[in-house]
Structure formats: structure tokens, C-alpha cells
Amino acid sequence: MKKGLIKKVCASALVGVMVMSLMACGKKEEKNNLTAIKDNGKVVVGLSADYAPYEFHAVVDGEDKTVGFDVELAKEVAKDLGVDLEIKEMDFEALIGALQAGQIDMIISGMNPDEERKKQIDFSDIYYEAQHAVLVNSADKEKYKKIDDLNGKKIGAQLGSTQQKIAEDKIQAGKISLLASVNDLVLQLKSGKVDAIVTEEPVAKMANKTNPELVLSDISFKDESGGNAIGVKKDSKELVEAVNKTIKRLKDSGDLDKFIIDANDLAAKNQSK
Ligand code: ARG
């Protein structure tokens with residue numbers, strides 16, 4: 001009898017422990033991406049710093065820094081989340097994979113929230129709108145007036161970017177040169193290895209400011225994704241809400257506009273590398 005009772009008590013205690021540990025497991029799974037960042041005390045933002053004025057390298061007070069309006073936006077996001085900011089630089093093409101693998105918490109890199117990417121990751125509201133431009137050597141400006149003028153030409157675009165799709169789908173290019181870095185594309189254009197490159201218009205304008213021998217052609221492509229947004233892991237409702245609050249605050253206060261003006265000034269002054 002006594003033995004039977006002990007067995008019963010033990011069994012129910014065991015069941016209790018199992019239920020509790022199951023609950024604990026459940027809680028862990030429920031821990032959302034926002035809570036995870038807060039618990040970690042830092043947010044890791046991934047970007048490709050080859051995209052002035054969005055993100056680029058500049059010498060500030062004698063030191064090489066990663067700057068740009070995306071970086072300022074990242075700082076504000078971290079501030080509102082109450083955590084430190086860590087910037088992880090990588091090729092643009094690697095960002096989505098890094099986010100999915102948990103190597104970074106978010107992407108702030110002038111990314112367009114297009115339909116294909118939306119299947120893989122979630123996006124914030126739009127924080128900036130820009131069209132896509134075609135940058136050429138100034139000596140060639142008269143040659144490139146309409147899209148057909150690019151037929152059969154060598155077109156450069158960043159690997160894994162919206163501009164890659166534009167080059168592939170909207171231009172009858174003879175050859176498409178896909179490089180990981182926009183800075184390298186600019187070099188290819190200057191040396192005549194490509195005839196034109198497609199980038200976001202503010203980036204093309206900045207390339208023209210820092211390389212006067214390059215100019216915007218009359219050709220442009222309308223952005224079909226609505227603009228640039230912050231990318232986060234799938235199913236990050238709470239995190240998206242938090243990030244959207246920061247974006248709204250910066251838009252309403254005019255701070256975002258200020259960041260954009262400052263980033264343009266800084267990029268124009270600095271020799272981006
Ligand atoms: N907006 C384009 C895209 O989403 C290009 C962004 C490139 N950004 C960069 N930091 N290089 O694909």
C-alpha cells in the first residue's frame with residue numbers, strides 16, 4: 001500500500017515537472033524577436049556600406065567611420081529599443097541570408113521591400129522613397145536618352161539588388177556585369193568596362209558629385225516597391241511595430257530629413273572609398 005502511494009506521488013511529481021518544463025519550452029519559443037534583442041542588450045544591424053548617401057565610409061575627425069542616413073536611422077532604432085547598436089558590414093547580396101541565419105537582427109541598407117523578399121523576411125514601413133537612375137560617362141550622355149539606347153550595351157548592377165532585376169528585365173543589355181560592391185561598379189564605369197550602371201537615384205547623384213566625369217542619363221526607372229524599408233526576420237510583429245514607431249517619430253519631427261541632408265553633405269565632402 002505504502003509503496004503504491006509513493007509510486008503515485010512520484011508519478012504525479014514527474015508529470016508536474018514534465019508539464020512545467022514543457023511550459024518553459026513553450027515560453028522560450030514565444031519569446032519574440034523584440035524581446036530577444038532587448039534581452040541581448042544590443043541590436044545587430046547589417047548593411048553594405050557602398051551606397052552613399054545611405055551608408056558609406058567617411059573620415060570623421062581623422063577616423064574611418066561607417067556613416068549615412070541609414071546609420072543614423074539605425075542609431076535611433078537602437079536608442080528607442082534601449083539597446084546598444086552593432087553594425088555588421090557585408091555584401092548586399094548576403095544580407096537576407098545573414099538575417100535568416102540569425103547573424104544580424106535587421107537590415108538597414110536601402111533595401112526595397114519587393115514581393116520576392118517579402119516571402120523571406122518582414123519589412124517596416126517605408127522610410128525613404130527613390131527612383132532608379134542610369135549613370136553614364138559624361139562624354140556619353142547624348143548617346144543615352146531612352147531605354148532602347150541601352151540595347152546591346154554593357155550594364156552594371158549590384159549583385160542581388162533591385163537594379164539587377166531592372167537590368168535583366170527592363171533592359172535589352174548585351175552583357176550585365178554584376179558586382180558585389182557599387183564602388184567597384186563605379187570604377188568599371190569610369191574605366192569603360194561597362195557603358196552604364198543602374199543604382200538608386202540619390203546614389204547616382206552622389207557618384208556624379210564625387211566623380212564629375214560621371215553623369216545621370218535621361219533614363220530612369222520607376223521604383224515599384226514603394227521605397228526603402230527596414231528588413232527583419234519573418235514573424236516579427238512586435239519588432240516591426242517598434243521600428244515603425246521610430247520611423248514615424250523621425251518623419252514627424254523632420255529628423256529623418258535632416259539625416260538625409262547631413263549624409264549628402266558628408267558624402268559630398270568625403271572621398272568615399
Ligand atoms: N534598393 C536596392 C535593393 O533593395 C539596392 C540597395 C543597395 N544597398 C546597398 N547598401 N548597397 O536591392
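As the structure lists them, so they are numbered: ligands from 1, and atoms in each ligand from 1. For this chain, numbers begin at 1 and follow the sequence in order.
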> Which of the atoms of ligand 1 are close to M111, meaning less than 4.0 Å from one of its heavy atoms?
Replying inline: 4 (O)
> Which residue holds the protein heavy atom closest to atom 3 (C) of ligand 1, what is that atom called, and what is the gap in Å?
Replying inline: T162 OG1, 3.1 Å
>> Using 30° and 60° as the class boundaries, would you call the ring planes of F69 and Y54 parallel, tilted or perpendicular?
In response: tilted
> Tell me: protein heavy atom nearest atom 5 (C) of ligand 1, and distance?
Replying inline: Q163 OE1, 3.3 Å
> Does Y54 reach ligand 1, in the sense of a heavy atom lying below 4.0 Å from it?
Replying inline: no
> Within the structure, does G110 bring an N/O atom to less than 3.5 angstrom of an N/O atom in ligand 1?
Replying inline: yes
> Among all protein non-hydrogen atoms, which one is nearest to atom 8 (N) of ligand 1, and what is the separation to 0.1 Å?
Replying inline: S109 O, 2.9 Å
>> Donor-acceptor pair, distance only, cut-off 3.5 Å: does the side chain of D122 make one with the backbone of D235?
In response: yes
> If you measure from each non-hydrogen atom of R117 to ligand 1, which part falls under 4.0 Å: side chain, backbone, both or neither?
Replying inline: side chain
>> Any heavy atom of D50 closer to ligand 1 than 4.0 angstrom?
In response: yes
> What distance separates T35 OG1 from N33 CG, expressed to the nearest 0.5 Å?
Replying inline: 8.5 Å
> To the nearest 0.5 Å, how far apart are CG in L189 and CG in L214?
Replying inline: 5.0 Å
> Salt bridge between E116 and K119, side-chain N to carboxylate O under 4.0 Å?
Replying inline: no
> Any nitrogen or oxygen of H132, main chain or side chain, under 3.5 Å from a nitrogen or oxygen of ligand 1?
Replying inline: no
> Do E200 and K205 sit within salt-bridge range, that is, some charged N less than 4.0 Å from a carboxylate O?
Replying inline: no
>> Please check: side-chain N/O of D195 versus main-chain N/O of K154, any donor-acceptor pairing under 3.5 Å?
In response: yes
>> Quick test: of every protein heavy atom, which one is nearest to atom 7 (C) of ligand 1, and how far off is it to 0.1 Å?
In response: Q158 OE1, 3.3 Å
> Can you tell me the protein heavy atom closest to atom 9 (C) of ligand 1 and the distance?
Replying inline: Y51 CG, 3.4 Å
> Mind checking whether Q164 has a heavy atom under 4.0 Å from ligand 1?
Replying inline: no
>> Other residues, nucleotides and ligands only: do more than 12 of their heavy atoms fall within 6.0 Å of NZ on K237?
In response: no
>> Let me confirm one number: the CG-OG1 distance from N183 to T210, rounded to the nearest 0.5 Å.
In response: 9.0 Å
>> I'd like to check whether S161 has a polar contact with ligand 1, where a contact means an N/O of the residue lying under 3.5 Å from an N/O of the ligand.
In response: no
>> With heavy-atom distances below 4.0 Å as the criterion, list the atoms of ligand 1 near S48.
In response: 9 (C), 10 (N), 11 (N)
